[in-house]
Amino acid sequence: MTFLGVLSGPKMGYGLGIKENGEKAKYPAHRFRSRCIFILLTIVFWWALLMVHFSFHYRSSPVQSSIGDVMISVQTQDSMSKSLSRGLSTDSTYDSSAGDSSETEKMVQKKWLKDGDVHHVNERPDMEIMNDQVDVDDDTPLEIKSVESHFDEGDPTMEQPIPGCEGRYVYVYEMDPYFNEDMVEHCDKLNIWNNWCPSVSNEGLGPPMVNTDNVFSDSDWYETNQFMLERIFHNRLKRYKCLTKDSSRAAAVFVPFYAGFEISTKLWRANISERDAAPARLYSWLAEQPEWKRYNGRDHFMVGGRITWDFRRRTDDESDWGNKLFVLSAALNMTMLSIEASPWHQNDVGIPYPTYFHPSSKRSIETWQDRVRAMDRPSLFSFVGAPRPGLSHSIRGVIKDQCIKSKQCRLLDCKGTLCQRPHKVMEIFEHSVFCLQPAGDSYTRRSTFDAMLAGCIPVFFHEYSAYTQYQWHLPSNHTSYSVLIDEGSIKNETVRIEEVLLKFTSNQIVSMRETVIQTIPRIVYADPRASSIPDVEDAFDIAIQGVIDRITLGKEVTRTNSEAISNSELDFQSKSQQGQSLHEQAAHK
């Protein structure tokens, strides 16, 4: 049946020249067909005209046309939206040398398009196609370049400036967990005598303290292991206000290697090759970093949670102690922070041992200061410790004997386990006017900071126990907060400690104690989870500023080609920028 025949059926006959009753219509069918053909031809004509118009108006540029086939190939590999977000290539440069083109790290990312294939080379997800940068060369594979989006939130160079942070930014390396978190994960293997897993909890603070005998505050006190400084410091730094992801902006670069954790597993039973393996791996990695190459490590710093001598082995004799972390040539330009520094090495700086108190607010600090200020102190002096009969130079045995013989001295012998109970130690310090701090296995003691936290005036027997160690944190006027008795006079028993301490007047004692109490915020590490405490500088804040001042001064010396400046000069000039001493501040109260 023909098309017309279909249209002329009983249901479709209207208007085609045939009525439903079979009579002839007013208009013949051939005239209707002519009109339809005319209308169809008109539609075709206008459609063709529109196509010609659009073809000329939206015609592609010659470059776009020449890569049309390639773009189709790209689209078959991925959707256009994904291609736009990832980009086809990159040729960007990251300047890591702060103006030194010889040390510029060039990061080139490209995707080559050829014969319909896409080949990825170090692709980045933050690039966009830029058609105006497409180059075509018939003699080489087609390369489509693009530039990095300057609106990418992941671009560290686009960080907004933080008020008050100019010249104080710190960059922290993202390192292999081998250097830090792996050790925390395997905390049960960090110490051959005790399980350190409780100690690493609460970001290194340890378990919360129970306020036994009402010795502590009801909060902010923890059973903190004295060797947890690396973890506490690192966690504080993660919340540092002036942290940056742009290393070119940083005044200092932190290396989060848990050196004390690492060597603790090897001090007593590993050979020197095993002890030196981690330091060698660390410096090999650092040497490849653009941040290191910028100043050859002079703006880098590290925290060692043990005394410096655990990282300063002098020989390769198997019987010699520790590893060579602090003495290898790569370490000599870095600033090394530790709980006890070497007075003879310019890159060593001592910072306080962790105490049991980690305030989370200014109010917490002030409440504690008021409490120790009001303490009744019936004992003139006290000694918490044990003799060191194996050390010929130790005066602890003599000090113990003098304490036993004095009616004004209180003794806590640490031969047993009493000194492992914080409330027993702190209770004695809180009720003593002076606290004796003789050297033990090394010059310094955690006990110094526990005693000062309790408002007790420390008595030293060697300047290396504090004065040359904690120059950033303790008052520069040593007599304003402490007493120094020559250890030689104690050893030959020409001086009695009780007689020396009885010479201080009540006014002198009150002034010294007030200086100690005003120093408390500077020698405690705030709770890492509380970030910083407004209007309070804790031990961490002071250490960071000290590092930045020291590095900045060192850069100035380097730039002016001056002679190397000694560690003591650096520390003195850094401290001079921090204002008048705490003693002077207390005198104006």
**Q** I'd like to know if the side chain of S406 and the backbone of Q402 have a donor-acceptor N/O pair within less than 3.5 Å.
**A**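 It does not hold such a pair.
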**Q** Regarding T479 and N477, is there a side-chain donor-to-acceptor distance under 3.5 Å anywhere?
**A**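 N477 and T479 do have a side-chain donor-acceptor pair below 3.5 Å.
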**Q** Checking P438 now: which residues fulfil side chain to side chain contact (heavy atoms under 4.5 Å, CB included) with it, not counting sequence neighbours?
**A**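 Only F383, I395, R396, I399, L436, R445, F461 meet the side chain to side chain contact (heavy atoms under 4.5 Å, CB included) criterion with P438.
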**Q** Donor-acceptor check, side chain of N211 to backbone of F216, threshold 3.5 angstrom: yes or no?
**A**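 Side chain of N211 to backbone of F216: a pair is present.
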**Q** Give the intermediate values and the outcome of salt bridge (Lys or Arg N to Asp or Glu O under 4.0 Å) for residues D413 and K415.
**A** CA-CA 6 Å; D413 196 330; K415 274 188 175 181; 5.3 Å; no
**Q** For the pair H234 and F254, name the ring-plane relationship: parallel under 30°, tilted 30 to 60°, perpendicular over 60°.
**A**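 It falls in the tilted class, 30° to 60°.
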**Q** Has the side chain of H345 got a donor or acceptor atom that lies under 3.5 Å from a matching backbone atom of N347?
**A**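 It does not hold such a pair.
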**Q** Let's go through D176 and R281 carefully: what are the C-alpha distance in whole Å and the side-chain angles of both, what is the deciding distance for salt bridge (Lys or Arg N to Asp or Glu O under 4.0 Å) to 0.1 Å, and is it a yes or a no?
**A** CA-CA 11 Å; D176 188 319; R281 180 172 171 177; 3.5 Å; yes
**Q** What residues, two or more places apart in sequence or in another chain, satisfy side chain to side chain contact (heavy atoms under 4.5 Å, CB included) together with S482?
**A**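 Residues passing side chain to side chain contact (heavy atoms under 4.5 Å, CB included) with S482: P458, F460, Y467, H478.
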**Q** Quick one: list whatever passes salt bridge (charged side-chain N to carboxylate O under 4.0 Å, His left out) with D182, sequence neighbours left out.
**A**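 In terms of salt bridge (charged side-chain N to carboxylate O under 4.0 Å, His left out), with neighbours along the sequence ignored, D182 is linked to no residue.
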**Q** Parallel, tilted or perpendicular: which fits the ring planes of F301 and F233, with parallel below 30° and perpendicular above 60°?
**A**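 The rings of F301 and F233 stand perpendicular, inter-plane angle above 60°.
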**Q** Is there a donor-acceptor pair under 3.5 Å between the side chain of S338 and the backbone N or O of E340?
**A**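 Confirmed, S338 side chain pairs with E340 backbone.
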